[in-house]
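Written below as structure tokens is the structure these notes are about.
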Amino acid sequence: MTDLDTFRQETRAWLEENCPQSMRSPFGSEKEVCWGGRNFKFYSEDQRLWLERMAEKGWTAPDWPTEYGGGGLSRAEHKILLEEMARIQARPPLNSFGIWMIGPAILKFGSEALKQQHLPPIVRGEIRWCQGYSEPGAGSDLAGLQTKAEDRGDHFIVNGQKIWTSYADRADWMFALVRTNPDVKKQEGISLVLFDMETPGVSTRPIKLISGESPFCETFLDDVRVEKDQVVGEVDKGWTIAKYLLTHERSMIGNMGSTAAGQKTLPQLAASAVGLQDGKLADTMLRAEVASWTIDSIGYELTAERARDEAKAGQGVGNVSAMLKYAGTELNKRRYELLVAAYGSEGLIWEGDSRPAGALPQQWLRTKGNSIEGGTSEVQLNIIAKNILGLG
Amino acid sequence: MQKLVLTEEQQMLKDAAQGLFSDQAPVSQLRKLRDEKDPLGYVPEFWNQAVELGLAGTLIPEAYGGSEFGHVGMGQVMEEGGRTLAASPLFASGVLGACALMLAGHGSQKDILKDIAAGTHLMALAIDETGRHQPARVATKAEAQGDGFVLNGNKTFVVDGHIANTLIVSARTSGGERDEQGITLFLVDANAEGVSVERTIFPDGRNYAKVELQNVAVGADAVLGPKDQGYESLQKVLDIGNAHLAAELLGLSSEAFERTVAYMKERKQFGVYISSFQALQHRAAHMWSELEQVKSMVLKALMALDASDDQASLLVSAAKAKASQVAELVTNEGVQLHGGMGMTDEFDIGLFMKRARPVQLLLGDFRYHADRVATLKGF
Ligand SMILES: Cc1cc2nc3c(=O)[nH]c(=O)nc-3n(C[C@H](O)[C@H](O)[C@H](O)COP(=O)(O)OP(=O)(O)OC[C@H]3O[C@@H](n4cnc5c(N)ncnc54)[C@H](O)[C@@H]3O)c2cc1C
């Protein structure tokens, strides 16, 4: 037996013993998702226990070094862990911008003190982060951001406004891009800073989305004090880090193209909605579209896998995250359009006692943001055209 | 799990094939074959070189003189051949013929493999009877007579039919016209009495034939695989064929795409390179993204065949479907983005479109394979 086989056996046994039964099914609703943080209210004791046990092993951040609380797993082990979790339909114990975005950036660019301070609480789900990138005047043209940070010796004073800040009203800390030097090329005067959302001068106002939910906010920064040791990397050199972080964010958003473990696939849902006739989806045109989508989803999964394998083998082109983000989010939007079509009018029931498709109308609308957040599809195509194909 | 990257040996084979095709079978060779209405449809000197490099025997076991390099290896050769639109008997003999014999042949039938690896014996698979691929729709009849059979029927779209020494023919020994049950595969000498082969000309200048079988008598030893149960081995051969056609489509689409991007960087209008127009940049970026999906799918399908993965049929059909769809996109856009130049015979870009369509259709197009994906997925 190889080491990996042993690892698989042990992991399987551990999960069997430690994953609470109620955590072994797809999320029923948004409130069942664990985001952690100071003010997070666990919806069940099992949810709390599951986070605690996984965090204990570092498996909320399986590939981070153990010295910062991570699981220290190799890529192969990490994959096995995910496979074993999928086998029993275990839910992810923690959703976290800390793990997906700022953590990797601190790991790569942060000082030792920053790593010690911020990474372990992220792994344990104690601190919840939000991303202060976009501003009213700086969306796709992110480097045009205006929020300014004035140097006051041992600290900065930050003034400005952020927008579309996901979960700003529920987050404990923010990682933000600020302008530390207005006199140079726009990409060269930006810094990435960290501050507590309870710092005086930080306020948020929720924005309601077309889905009816309010997951993001306007964030106002008025004379907010940020300590100098909370700059990730060097002052004025934040743009490179910001872009590195974006590649992580894009891979994560692109992953929405995948059907999560335990989630019903589009063909399964379509079959339950319209039924089968002689073993085929009863609506032939819909069947053709679902087949076409299925082919593309196989392609997307394999391409994400190949990108990881190539990166590991030191091959492949950079910037593939732009392509994966573009392909994955467009795929996810198509999935929801097809689901709405499959359920027909039943799928659009927004409120009411009988909602055969559950929160489908809200979810369908939410997917429209996939090709906007983290850089729009058009911006991803620009990146491919310029950086990969050399068109200009 | 196997990584989705080539091994060093596979990469070396790819490089060797690339060298051979670009030196010895560039696009200009196909053009010449077409213009001269070459009776063979390929250049024997080039074929000899390919054979010398071992390409004809890539899939054939060493005991029969091949290199047993596997589908991933052969797929790289097909992809590189797709880039230069190289015409050769490689697919009909080295892929379809060789695999049919390997999968279904008995002792002495397999001896042909030696001659296939040596490039001296050419095969062709004669299965379709209608314009659209329907491998179970077999009206050709094989009636028992004495120890053997008598074959009657018509086959169409037979790749390399007019140069083949041996045809592999699907014929009905029982069952109704569309039954999977009752199909038997036969090895038929192309020169046997009653066999007439008519070469048909296609836009890609390659070899396809219509084959008519009129009271063709064959012995019992001509039966390839089990009687009445030929459909099962045929499906395996078709999976293999489709994976390699998908690889060829990947090669020709990649080449057409790269030529288009290069043209965008040299053509000026309004005082600037047309590559500076964002409307065109986005179309190119979209095509690149689509090609990346095809690349992953083709590689995975080939690996699945090598590993006898139980998902192989699904992965092959998905790959052929996507490769067909993207080949159509990229070759159409290729002509469009070349402007008037794209419509001229003198410019190569149109040749890629003219090759793509028959390859897309051969052994099932996007629609055929999308339907098969749905069926295999249970919907
Ligand atoms: C659900 C959701 C969550 C988000 N969460 C966060 C968050 O947590 N933190 C955060 O900082 N931001 C967040 N954002 C903001 C997001 O990053 C921006 O919305 C995005 O970058 C686009 O910027 P914009 O909205 O200003 O659109 P604009 O840049 O104004 O774009 C408008 C349109 O113009 C197109 N366009 C713009 N420039 C070009 C160009 N050069 N070429 C071609 N087309 C172009 C765009 O593609 C788009 O179609 C979130 C957004 C959404 C939808």
Side-chain angles (χ1 to χ4, degrees), chain A residues 76 79 83 265-268 270-271 274 276 279-282 284 286-310 312-317 320 322-324 326-327 330-331 377-378 380-392, chain B residues 1-6 11 257-258 260-262 264-265 272-278 280-301 303 311 314-315 317-326 366-367 369-379:
Chain A
K79 202 164 168 189
E83 283 165 8
T265 63
L266 172 61
Q268 286 168 338
V274 304
L276 297 176
K280 296 179 177 191
L281 264 191
T284 54
L286 181 68
R287 178 174 183 264
E289 287 183 83
V290 173
S292 176
W293 182 89
T294 302
I295 289 163
D296 286 346
S297 101
I298 293 173
Y300 171 76
E301 301 285 350
L302 291 172
T303 304
E305 184 179 329
R306 183 168 62 85
R308 288 190 296 267
D309 289 341
E310 282 182 353
K312 194 136 183 270
Q315 308 170 0
V317 291
V320 285
M323 176 268 292
L324 291 172
Y326 169 64
E330 295 297 333
L331 194 63
S377 281
E378 291 74 22
Q380 307 311 315
L381 292 173
N382 285 345
I383 292 173
I384 296 170
K386 297 216 160 59
N387 298 359
I388 297 176
L389 302 177
L391 298 172
Chain B
M1 208 164 69
Q2 201 181 0
K3 297 224 163 23
L4 282 178
V5 288
L6 296 181
Q11 185 61 49
F257 173 70
E258 285 162 26
T260 303
V261 165
M264 287 168 69
K265 292 178 185 175
V272 293
Y273 292 110
I274 60 170
S275 63
S276 65
F277 301 137
Q278 195 186 46
L280 305 193
Q281 290 176 356
H282 281 193
R283 282 155 76 173
H286 174 69
M287 285 189 265
W288 183 78
S289 173
E290 291 285 271
L291 280 167
E292 286 294 299
Q293 320 293 313
V294 176
K295 204 170 157 187
S296 321
M297 295 171 91
V298 168
L299 182 56
K300 182 68 178 187
M303 284 179 173
Q311 298 287 301
L314 174 72
L315 290 164
S317 273
K320 176 71 189 307
K322 188 71 186 169
S324 297
Q325 201 182 33
V326 174
F366 171 80
R367 296 153 197 89
H369 287 285
D371 176 75
R372 189 161 178 254
V373 165
T375 303
L376 290 169
K377 280 277 190 185
F379 70 93

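To find a chain, count down the sequence lines: A is the first, B the second, and so on, and within it residues start at 1. It should be emphasised that the depicted structure is a prediction, and the values quoted were computed from it without experimental measurement.
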About how many Å separate CD of E292(B) and CG of L324(A), when rounded to the nearest 0.5 Å? 9.0 Å
Which value, rounded to the nearest 0.5 Å, describes the distance between L299(B) atom CG and L315(B) atom CG? 11.0 Å
Could you tell me which portion of K322(B) (side chain, backbone, both or neither) has an atom closer than 4.5 angstrom to a non-hydrogen atom of chain A? both
Give a yes or no on whether K280(A) atom NZ has more than 12 heavy-atom contacts from other residues, nucleotides or ligands under 6.0 Å away. no
Answer with side chain, backbone, both or neither: which region of Q278(B) has an atom nearer than 4.5 Å to a non-hydrogen atom of chain A? side chain
Heaviest contributor of heavy-atom pairs below 4.5 Å to chain B, chosen from T265(A), L276(A), N382(A), is N382(A)
Contact class of F277(B) relative to chain A, heavy atoms under 4.5 angstrom: neither
Sub-3.5 Å donor-acceptor pair from the side chain of T375(B) to the main-chain atoms of D371(B), do we have one? yes
With rounding to the nearest 0.5 Å, note down the distance linking CD in E330(A) to CG in D296(A). 11.5 Å
At a heavy-atom separation under 4.5 Å, does I274(B) approach chain A through its side chain, its backbone, both, or neither? neither
Can you tell me which of E258(B), M264(B), K295(B) forms the most heavy-atom pairs within a distance under 4.5 Å of chain A? K295(B)
Below 4.5 Å from any heavy atom of chain B, which atoms of Q380(A) appear? Answer side chain, backbone, both or neither. neither
Most heavy-atom pairs under 4.5 Å with chain B, out of I384(A), L281(A), L302(A), belong to L302(A)
With E310(A) via side-chain contact (heavy atoms from CB on, under 4.5 Å) - residues at least two apart: R306(A), Q315(A), V5(B)
Pairs of heavy atoms under 4.5 Å with chain B: top-ranked of S377(A), A271(A), G279(A): G279(A)
Please identify which of these residues, T294(A), V274(A), L266(A), L286(A), meets the side-chain contact (heavy atoms from CB on, under 4.5 Å) condition with F379(B). T294(A)
Select one option (side chain, backbone, both, neither) describing which atoms of Q325(B) are under 4.5 Å from chain A's heavy atoms. side chain
Can you tell me which portion of M297(B) sits under 4.5 Å from chain A's heavy atoms? Options are side chain, backbone, both or neither. both
Look only at the side chain of D309(A) and the backbone of K3(B), and say whether a donor-acceptor pair between them is shorter than 3.5 Å. no
Any residue meeting side-chain hydrogen bond (donor to acceptor under 3.5 Å, both in side chains) with S317(B), in chain and number order, not counting sequence neighbours: H369(B), R372(B)
Best-contacting candidate, G378(B), S289(B), A321(B), against chain A by heavy atom pairs under 4.5 angstrom: S289(B)
Residue L389(A) versus chain B: region with a heavy atom under 4.5 Å: both
